[in-house]
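Take a look at the structure below.
Letters A, B, ... mirror the listed sequences (proteins, then strands); counts begin at 1. Below, all heavy atoms of this structure are taken into account, side chains as well, without hydrogens, waters or symmetry copies.
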Amino acid sequence: MQDYQHVEILLVEDNPRDAELTLRALRKHNLANKIVHVKDGQEAIDWIFGKGAHMGRDINQRPKVVMLDLKLPKVDGLDVLRAVRADDRTRLIPVVVLTSSREERDVVESYRLGVNSFIVKPVDFDNFSVAVAEAGHYWLLVNHEPK
Amino acid sequence: MKLTIERKIQASFGFGLLVLVLLGAVAWSLAKRSLETAVLVDRANAVLVDKREILVSVLNLETSVRGFVITDAESFLEPYHQAMEALPPALRNLREHGRSQPDWSRRVERITDLVRVRVERAEGMVRLCREGQGDLVRNQIKAGGGQQITAEIRAELLQLEREARGQLNTHLANMHRQTRLTMTTVTSGLLVALVMLVVAGMRVTHDLTQRRLAEMALADSNRRLEEQAVRLRDANRELEAFSYSVSHDLRAPLRGIDGFSRMLAEDYGPQLDEEGLRLVGVIRGEARRMGLLIDDLLNFSRVGRQQLQLAQVDMTALAGEAWAELLRHHEGNAPELVLHPMPPVRGDRPLLRQVFINLIGNALKFSFDQEKPRIEIGGANHGGVRHYFVRDNGVGFDPQHAHKLFGVFQRLHSEAEFEGVGVGLALVQRILHRHGATIRAEGRPNEGAVFHFEFPEKKES
């Protein structure tokens with residue numbers, strides 16, 4: 001079983017190719033062991049709140065950042081975001097939304113759900129660093145020295 | 001002459017009113033004339049009455065006096081006294097009634113004198129008789145002087161009567177004539193008016209019917225246009241939604257192609273020979289191109305959809321911004337830029353920025369090979385019409401194909417010569433059209449190109 005203590009990135013992405021590219025990019029920078037990848041919105045909520053399929057996980061072990069794709073099966077990305085923002089225990093978790101276009105970004109912003117940062121897919125490491133920096137979370141840069 | 005329905009109705013009413021007024025005038029004139037004639041007739045009649053009265057009185061006087069002379073009986077003087085009383089007022093009346101005719105007054109005077117003379121003579125006789133001079137009076141009578149005077153009086157009175165009757169007849173004839181004339185005039189006037197009003201009424205009714213039909217046809221065609229507009233709007237919206245979702249859905253596999261071919265190059269690069277690497281490069285290049293295409297298409301459709309956010313735009317500053325941004329990605333020497341101050345215009349700043357980016361980008365691209373690439377941008381306000389241009393000294397184009405320039409995906413140079421997907425100018429045209437502006441291009445092979453675009457005079461609405 002994965003050591004959830006060290007989980008720092010929750011990747012919510014249903015497209016296996018996009019997920020593979022993202023994981024590869026982050027793996028190259030030694031973040032792989034810190035990532036949990038879930039494939040739909042329901043599993044994301046279960047994991048974050050420690051219910052359902054992930055019953056028993058400690059909700060207070062919050063991820064340092066959530067990378068959230070929008071078009072997800074079962075529960076939509078925006079609904080996951082809403083759920084995270086609605087609960088005091090999870091409200092402050094930085095969320096980086098993965099969009100396919102600038103327009104999608106405009107639409108999401110119009111919902112005013114409090115997104116910390118946007119990355120236009122494909123996610124490469126540079127985009128990711130910038131996004132995390134924007135989210136005000138510098139642990140990644142502190143932890144890792146660029147090659 | 002084309003008259004509007006309103007004018008025709010007004011004219012008809014005006015004409016009807018005119019006819020009424022004319023008829024009124026004619027009737028009034030007739031009445032007045034009749035009244036005058038009636039007065040004259042009345043006077044003529046009065047003269048006849050007076051004449052008879054005087055004659056009768058004079059004869060009575062004469063007869064009465066003669067009777068008295070014969071009988072010496074006072075009772076025979078009764079008529080005499082009556083005549084003496086009746087004559088002065090009768091004469092006065094005659095004078096009064098004959099006043100209107102100047103030649104009558106002479107005759108009236110003569111009659112008055114004669115009557116006076118006769119009366120005096122009669123008075124004399126009566127006196128003499130009463131004094132017992134009966135024989136003297138009888139001789140006087142036999143002499144016939146009194147008779148003579150009476151005869152003269154009768155003659156004058158007769159003449160007067162004739163003239164008065166003549167007048168009377170004339171007046172009556174006049175009256176008849178006038179009345180007939182008036183009746184003829186009025187009748188024909190009324191007939192003409194009636195005919196004209198009927199004709200006018202028919203025309204107006206016809207025109208009104210035409211108008212109503214035209215209005216119905218207009219309303220009908222408006223409704224159809226409205227329906228068409230709705231259908232068009234719906235079709236457009238569907239098309240926009242479709243192209244949006246398709247572009248989006250196309251991006252996902254594209255990411256895969258690009259990302260995985262990059263992984264291939266990275267992970268297996270050392271195992272690939274030059275040709276293998278080239279092949280992978282081609283895959284990535286094509287994927288990138290497709291991505292640009294999709295972006296351009298999305299952009300293009302978005303421009304059609306979104307609301308323009310209008311504001312006063314400083315075109316000079318905007319062109320400068322676009323230039324600076326393009327230069328950041330420009331390889332090689334910076335071309336010469338001549339940027340003239342341009343008038344501001346009311347428009348959507350980000351979209352107009354895109355216009356400059358595309359036009360200047362094109363200019364940069366096509367003048368790249370020149371020894372001294374030069375780009376000139378400027379504009380002027382010609383009486384409300386704002387005109388701008390972007391000129392380059394690059395490879396130009398064949399003016400024969402100018403009309404194809406702005407088509408989506410149209411290219412006038414091969415892909416090998418100049419990279420690009422060909423949506424740029426179509427997008428520029430679309431943006432400008434949404435602003436109500438026009439664009440045209442001039443160019444000749446190897447003599448550069450210039451793009452002119454114009455915003456029409458602002459209409460205050």
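In this structure B/Phe453 satisfies the ring-ring contact (aromatic ring centres under 6.0 Å, His included) test together with B/Tyr388, sequence neighbours excluded. Residues that satisfy the salt bridge (charged side-chain N to carboxylate O under 4.0 Å, His left out) test with B/Glu274, not counting sequence neighbours, are absent from this structure. With sequence neighbours left out, B/Arg328 forms a salt bridge (charged side-chain N to carboxylate O under 4.0 Å, His left out) with B/Glu325.
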Which atom pairs, one donor and one acceptor, sit under 3.5 Å between chain B and chain A?
from: B/His248; atom 1: NE2; to: A/Ser101; atom 2: OG; distance (Å): 3.0
from: B/Arg251; atom 1: NH1; to: A/Ser100; atom 2: O; distance (Å): 3.4
from: B/Arg255; atom 1: NE; to: A/Asp18; atom 2: OD1; distance (Å): 3.0
from: B/Arg255; atom 1: NE; to: A/Asp18; atom 2: OD2; distance (Å): 3.4
from: B/Arg255; atom 1: NH2; to: A/Asp18; atom 2: OD2; distance (Å): 2.7
from: B/Glu266; atom 1: OE1; to: A/Arg24; atom 2: NH2; distance (Å): 2.9
from: B/Asp267; atom 1: OD1; to: A/Arg24; atom 2: NH1; distance (Å): 3.4
from: B/Asp267; atom 1: OD1; to: A/Arg24; atom 2: NH2; distance (Å): 2.6
from: B/Asp267; atom 1: OD2; to: A/Arg24; atom 2: NH1; distance (Å): 2.5
from: B/Asp267; atom 1: OD2; to: A/Arg24; atom 2: NH2; distance (Å): 3.3
from: B/Arg302; atom 1: NE; to: A/Glu103; atom 2: OE2; distance (Å): 2.6

